[in-house]
Amino acid sequence: MAGRDGRKGSRTTRPLPDPSPPCTLKLLMIGNLHTGKSSLVRNYCSSDTTTLHTTSDIETHSIGLLDCLDKTLEISGQEVTLEIWDTAGTETYDSITANYYRGADGVCLTYSIVDNKSFDLLNVWMGRVHENTRLHTPVMLLGTKSDMEEGREVEKGRAQSYANEQEDIKYFFEVSIKDRSSIDKAMLEFSKYLIRYHNNEEQGNQVKPQSNQGCCH
């Protein structure tokens, strides 16, 4: 059989597309004290999936009063580094932490399912996001300590409704450091969304989560 160039048995070949260049996403982990933010970040960023890590046994690099940890993922063949900033107990220092909101690609907003007050103050944290980040910076709502069902104070449906009401909250998950897969799934889905979001932002398009807004796991 002749190929397209007329030679028998020849095939035309197309060059493989260039792989997407590596990218870095700056994520902020915010929320009330004692929601487990630091433990969540450290366990997620650790390569050791068999040990629960405390806030002191994972090396971090700090700038000012904030800790920063990195996590590298491969998403559709692209190397993506998550630069996760943890307020690490500086929540009351608004003048210090406000500077670190700027330039954020996404925000992880946490509350504890066993602490109703941490949920009631979500509007305060959303206000800080709106005040200090770019317009419509994507947010993922995380209900932490989901393994402590017996002490639950915040019903899942209530948090789901809140996420649905907030235009900038694109995902909602309940997570626990005792279930590493719940954290991995939440961060992966949000990272995929952020890549699509920022690619489409550059092209002037809009992007929606592939799954329903406020999806709950």
Side-chain angles (χ1 to χ4, degrees), residues 23-41 44 60-71 81-113 115-144 154 158-175 186-187 189-202 204-209 213-216:
C23 76
T24 298
L25 298 173
K26 178 181 178 181
L27 302 182
L28 301 182
M29 187 71 64
I30 64 172
N32 268 33
L33 283 168
H34 310 305
T35 59
K37 300 186 302 297
S38 297
S39 293
L40 188 153
V41 172
Y44 174 66
T60 66
H61 50 282
S62 300
I63 297 181
L65 294 178
L66 280 79
D67 289 337
C68 179
L69 292 89
D70 295 339
K71 174 81 169 184
T81 298
L82 305 183
E83 188 180 87
I84 307 176
W85 290 86
D86 174 19
T87 49
T90 65
E91 287 84 351
T92 56
Y93 296 92
D94 290 345
S95 61
I96 296 174
T97 60
N99 290 329
Y100 294 94
Y101 282 79
R102 297 181 176 89
D105 295 300
V107 177
C108 301
L109 174 58
T110 64
Y111 71 94
S112 167
I113 73 162
D115 181 3
N116 194 60
K117 182 179 179 181
S118 68
F119 183 85
D120 288 341
L121 290 174
L122 288 179
N123 279 338
V124 174
W125 290 103
M126 286 298 295
R128 294 179 184 179
V129 171
H130 293 152
E131 181 180 354
N132 295 297
T133 66
R134 293 180 302 173
L135 184 65
H136 298 315
T137 294
V139 177
M140 175 170 63
L141 180 63
L142 295 176
T144 64
V154 182
R158 182 182 173 200
Q160 178 76 71
S161 296
Y162 180 82
N164 291 340
E165 292 167 0
Q166 298 293 320
E167 179 182 2
D168 294 331
I169 294 181
K170 306 304 180 181
Y171 288 94
F172 162 52
F173 290 90
E174 288 192 344
V175 297
M187 298 302 288
E189 289 299 318
F190 194 43
S191 299
K192 289 179 178 178
Y193 176 84
L194 291 176
I195 292 172
R196 298 197 310 274
Y197 176 84
H198 290 292
N199 285 343
N200 280 272
E201 187 181 44
E202 292 175 359
N205 300 323
Q206 292 183 340
V207 60
K208 297 181 179 180
Q213 181 184 29
C215 58
C216 182

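Because only heavy atoms are used, hydrogens play no part in the values below, and waters and symmetry mates are left out as well, while side chains stay in. Quick caveat: nothing in here was measured; it's all calculated off a predicted structure.
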Can any side-chain N or O of [X] pair as donor or acceptor with the backbone N or O of [Y] at less than 3.5 Å?
X    : Y    : result
K37  : H34  : no
T137 : G106 : no
S39  : G36  : no
T133 : R102 : no
K26  : G103 : no

E174 vs I113, side-chain contact (heavy atoms from CB on, under 4.5 Å): CA-CA, chis, key distance, verdict: CA-CA 8 Å; E174 288 192 344; I113 73 162; 3.9 Å; yes
Charged N-O contact under 4.0 Å between D168 and R134: no
Heavy-atom pair with the smallest gap, counting every atom of A159 and L141: O-CD2, 3.9 Å
side-chain contact (heavy atoms from CB on, under 4.5 Å) between E189 and F173, worked out: CA-CA 10 Å; E189 289 299 318; F173 290 90; 4.2 Å; yes
Does a side chain donor of either [X] or [Y] reach within less than 3.5 Å of an acceptor in the other side chain?
X    : Y    : value
S38  : D86  : yes
S118 : T35  : no
Y162 : N123 : yes

Going from [atom1] on [X] to [atom2] on [Y], what distance comes out if it is rounded to the nearest 0.5 angstrom?
X    : Y    : atom1 : atom2 : result
R196 : N200 : CZ    : CG    : 8.5 Å
M140 : F190 : CE    : CZ    : 5.5 Å
L40  : M29  : CG    : CE    : 5.0 Å
S112 : L142 : OG    : CG    : 12.0 Å
D70  : L82  : CG    : CG    : 8.5 Å
L28  : E83  : CG    : CD    : 9.5 Å

Hey, does [Y] have a side-chain heavy atom less than 4.5 Å from the side chain of [X]?
X    : Y    : result
D105 : H198 : yes
W125 : N32  : yes
I195 : L25  : yes
M126 : V139 : yes

Evaluation steps, side-chain contact (heavy atoms from CB on, under 4.5 Å), between Y111 and D120: CA-CA 9 Å; Y111 71 94; D120 288 341; over 6 Å; no
Working for side-chain contact (heavy atoms from CB on, under 4.5 Å), residues M187 and I84: CA-CA 11 Å; M187 298 302 288; I84 307 176; 3.9 Å; yes
